[in-house]
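Note that the structure is a prediction, hence the values are computed from the model and not measured.
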Amino acid sequence: MFSKSVWESGMRAGGVMVLVISGVILVALAMWIVPIYSVWQQEQAGRAELVRAEQNRRIAVLEAEARLESERLNAQAEVERARGVAEANAIIADGLGGPEGYLRYLWILALSENQQDVIYVPTEAGLPILEATRGLQAPRSQN
């Protein structure tokens, strides 16, 4: 009996010793692995941020190139429109006897769109005939 209880107490002490040593080894292993894992994790986060920044830069460059191409095409369209207007003006001006005839035609069009009752027409010296007496006439009262 005595030997059995000594053996059991020795086993208990040996088991506790194994647990303590295993715990110390696990703590030491954790102290060695955790810093390595932290460095690896930060490295991966840095790589992900770099890839994200490169992708954002590519997107910005592509957007700028698209705006440039759009503005270039808009400028070409504006040049073509201006050429068309210039050709149309030249055709109309030639048909109306030159630039003076075309300007006179535009003036007549502007007068036809005018909603006023009084139109001032330039005379000999380029001065309009004014109706100076029109405002002085008093309306007649009816008795």
Please step through salt bridge (charged side-chain N to carboxylate O under 4.0 Å, His left out) for the pair Arg47 and Glu43, ending with a clear verdict. CA-CA 6 Å; Arg47 285 182 183 170; Glu43 182 180 335; 2.8 Å; yes
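Looking at Glu71 and Arg67, no side-chain N of the basic residue comes within less than 4.0 Å of a carboxylate O on the acidic one, giving no salt bridge. For Arg57 and Glu54, the salt-bridge test fails: no basic side-chain N is under 4.0 Å from an acidic carboxylate O.
Put simply, CD1 on Ile108 and CG on Leu103 are 11.5 Å apart, with the number rounded to the nearest 0.5 Å. Remark: Gln42 CD to Glu49 CD distance equals 13.5 Å, nearest 0.5 Å. Atom CD of residue Glu69 and atom CG of residue Leu73 lie 4.5 Å apart, to the nearest 0.5 angstrom. One distance of note links CG of Leu26 with CD1 of Ile21; it measures 12.0 Å at 0.5 Å rounding. Ile92 contributes atom CD1, which lies 4.5 Å from atom OH of Tyr102 (distance to the nearest 0.5 angstrom).
Contact record, Ala30 with Pro35: O-CD, 4.3 Å, taken as the closest heavy-atom pair.
The cluster map of Ile, Leu, Val, Met, Phe, Trp and Tyr, joined by side-chain heavy atoms under 4.5 Å apart, puts Val34 and Val39 in different clusters.
No donor-acceptor pair closer than 3.5 Å links the side chain of Ser70 to the backbone N or O of Ala66.
Looking only at side-chain heavy atoms (C-beta outward), Glu78 and Asn74 stay at 4.5 Å or farther from each other.
For the residue pair Arg52 and Gln55, no side-chain donor N or O sits within less than 3.5 Å of a side-chain acceptor on the partner.
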